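First the structure, in the form of C-alpha cells, and then the observations on it.
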2 protein chains.
Amino acid sequence: MVSIHQRIFEDIEARIIGGIWQPGHRIPFEHELVQEYQCSRMTVNKALSALAERGMITRRRKVGSFVASRQIDRTVMDIQDISTEAELAGHDHSYRILLRKIETLDAATAAHLGEEKGAEILRLHCLHTVDGKPNALERRIIMLAMVPSARTESFASVPPGKWLLDMVPWSKARHVIRAVSADAATARLLETARGEACLTLIRQTWQMSHTVTHVEIIHPGDRFQFAGDFHPTERGITDQLPRRSLS
Amino acid sequence: MVSIHQRIFEDIEARIIGGIWQPGHRIPFEHELVQEYQCSRMTVNKALSALAERGMITRRRKVGSFVASRQIDRTVMDIQDISTEAELAGHDHSYRILLRKIETLDAATAAHLGEEKGAEILRLHCLHTVDGKPNALERRIIMLAMVPSARTESFASVPPGKWLLDMVPWSKARHVIRAVSADAATARLLETARGEACLTLIRQTWQMSHTVTHVEIIHPGDRFQFAGDFHPTERGITDQLPRRSLS
DNA sequence: TGTATCAATTTGTATAGACAAAAGCGGGTC
DNA sequence: GACCCGCTTTTGTCTATACAAATTGATACA
C-alpha cells in the first residue's frame, strides 16, 4: 500500500528520470495535480517540496515548479572506521600502535590545520592489518583541548578512529583522496615496493569551527579502493550500504 | 524570520550535534514538543520527519523518537565532467580524441559490465589537457543501444562526458576510486614517469538496469585529488559546491 | 517614456481535526 | 507457561481551511 504522497513523488520522479520531462519543463501547478490525484493541496505540496529538497525540481512563487537544469554527477561515500568496515566485510582486523606522543603544535602544522600554534596535541601512528596483511598506515593528530579524555586513553583495545567516532560528535568533515607513491619508510611498513601507488585518505573533522582530529590514512593501491553508488531516485542518503571495500 | 518548523528542526539538531543528547536518547514525544513550542502537531511532525529523513533520528510508533545510534562518516562528492569542472575553477581545458571506434562487446568486457556479449558499443579514448598540461586520460565505452545518437556524433566540439550528461538521463551511477601505477603507454600520454602513482576514477551509469556508459579516467597523482565536505547539519545534499579540485 | 501601485496567481507555512497503522501492555483462557 | 484479545499510546497520513510572501502583469499616473 503506497501513500498518495509517495505516488505523486514517484510519478513525477519517473517522468524526470525517464527523460519525458526535460530540464526546464514546467511541471503542473499544485492545483492541477490536486485535480489529477484527487487529493488536498497539502499532500501535493509535500510531495513537490520533497522533490525540491532532493534537487530534482526548483520552485518559484507565482511562477511554478520546473525540472532542475542539470543532473549533477554525485556520489555518496561512506568512509568508515577501518575496523568497523573490515568486520562488516567479514575480515579479520588488528592494529598496532607505532607512536603515541603528546606534543605542542609547531607553526607549519598549525597553519596546515588552521589552528593556533602551541596547542597541545596527541600524535598517533598506527598500522592496521587485515587478514594478516598490512592494509593501512594511520597518522593522526588529536586536539587535546577538544578531546581531553584522549590524554589518558591508551588505545590498546579500541582503535583511535572508532574511539573518536563514539566519543566526540563533529559538525563538519573534510575528506581528500590522493594517489601518492610510497616512500621508503611507508613501503617497509606496508610491506610493498618503494614507489608503489598508494591511495591516501586525509580527513579533518571539526566541531563548531574547532578542529577535533586530523588523520591521514595510507593504503597500498593494490589492496584498496573506494566505491560509492548514487541513485538520484533514493529516498534518503541514509539507506546507503557501506561503500569502502577491499579489492 | 525563521519558521517554527525550522526552529524545532535546528534546536533538536543542535542538541544532537552538540552531544547534549547522546545516541539512543529518547527525544520528547510530539505532544510534548507541541506544548513546548505552542504549535500544532503537524508542524512538529514535519520537523521530526525531516530529521528522520536526514538520518539524525529514528522513529517508531508507540515507542518514540530516538537519536540515531552512530554517526556515520560519510562524504558527498560531486564528480563532474572534466571540462565543466576546469572552467568552474578558471582553468583552460582542451581535449583530443585518440580513438573512436564502433565494436561489438567481447565476452570478458561484457561480463565486466554486466551486459550481454555482442552488443554494439562505441569505444572512445580521449586525452584532456588543463592549462597546457595533460591532466586526464579517458577511456570510455558507450552502449549504442541506449544512446543511438552517439553513432553519428563526432565529439569534436563537445567532450563525451558533457555530451552524455546533457543527452541521456541516468538512474544509477557507480564510482570507484583507485590508485594505480602508470604503465608505459599511459605515462607517455600523461607526460609523467612510468610507475608514477595515478588516481583513477571508474564510473558506470545505468538507466533502468541497462548500462549507458562505462568510463575510466586516469589522472596523474601529482596533479589531481578528490575532495569532499560533509556537514551533518546541511539542509539538502544539493547545496554542495563542486568538489573535485586541481591540486 | 518611465514609474508607482494594485490585483492576481502560485508557492510557503501553519492550524485543527480525523482516522489508520504499529507496537507495547495487561488480562483472560487453556 | 503459551496464546489470544482488546486497550492505549505514539507515529503516519490526509483533509479543509487560512493567511503570508513573492512575483508577474496590468493599470494609472507623472
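All figures in this text were calculated on a predicted structure; none of them were measured in a lab. Letters A, B, ... are given to chains in the order of the sequence lines, protein chains preceding strands, and every chain is numbered from 1.
Scanning for salt bridge (charged side-chain N to carboxylate O under 4.0 Å, His left out) contacts around B/R60 gives an empty result, with sequence neighbours left out. For B/H31, the ring pair (Phe, Tyr, Trp, His ring centres under 6.0 Å) criterion is met by B/F29, not counting sequence neighbours. Annotation: side chain to side chain contact (heavy atoms under 4.5 Å, CB included) contacts of A/S40 (sequence neighbours excluded): A/M42, A/T43. Every residue was checked against the side chain to side chain contact (heavy atoms under 4.5 Å, CB included) condition with B/R61, not counting sequence neighbours, and none meets it. Scored by the side-chain hydrogen bond (donor to acceptor under 3.5 Å, both in side chains) test, A/R15 finds no partners at all (sequence neighbours excluded). The ring pair (Phe, Tyr, Trp, His ring centres under 6.0 Å) test applied to A/W206 returns no partner, not counting sequence neighbours. Applying the ring pair (Phe, Tyr, Trp, His ring centres under 6.0 Å) rule to A/H112 yields the partners A/H214; only residues at least two apart in sequence or on another chain are considered.
Among residues at least two apart or in separate chains, ring pair (Phe, Tyr, Trp, His ring centres under 6.0 Å) pairs with a member in residues 144-163 of chain B are B/F155-B/W163. Applying the salt bridge (charged side-chain N to carboxylate O under 4.0 Å, His left out) definition to pairs two or more places apart or across chains, those involving residues 148-162 of chain A are A/E87-A/K162, A/E120-A/R151.
As rounded to whole Å, 13 Å separates atom C1' of D/dT10 from atom CD1 of B/I27. One atom, CD of A/E53, and another, C1' of C/dT11, lie 16 Å apart when rounded to the nearest Å. What separates NE2 of B/H5 from C1' of C/dA14 is a distance of 12 Å, to the nearest Å. Residue B/Q6 contributes atom CD, which lies 16 Å from atom C1' of D/dA20 at whole-angstrom precision. In this structure, A/F9 places its CZ atom 16 Å from C1' of D/dT13, rounding to the nearest Å.
For the side-chain contact (heavy atoms from CB on, under 4.5 Å) with A/I142, the lone residue among A/V215, A/V168, A/V212, A/L164 that qualifies is A/L164.
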Polar atom pairs (N or O), protein with nucleotides 5-10 of chain C, under 3.5 Å:
{"residue": "C/dT9", "atom": "O4'", "partner": "A/K62", "partner atom": "NZ", "Å": "3.4"}
{"residue": "C/dT10", "atom": "O2", "partner": "A/K62", "partner atom": "N", "Å": "3.2"}

List, with names and distances, any nitrogen or oxygen atoms from the protein found under 3.5 Å away from nitrogen or oxygen atoms belonging to nucleotides 3-6 of chain D.
none

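Contact check of residues 34-48 of chain B against DNA chain D (heavy atom, cut-off under 4.0 Å) returns B/R41, B/M42, B/N45.
Each of B/P28 and A/I4 has a nearest nucleotide on DNA chain D; the 5'-most of these lies closest to B/P28.
In this model, a donor atom of one side chain and an acceptor atom of the other lie less than 3.5 Å apart for B/R178 and A/Q225.
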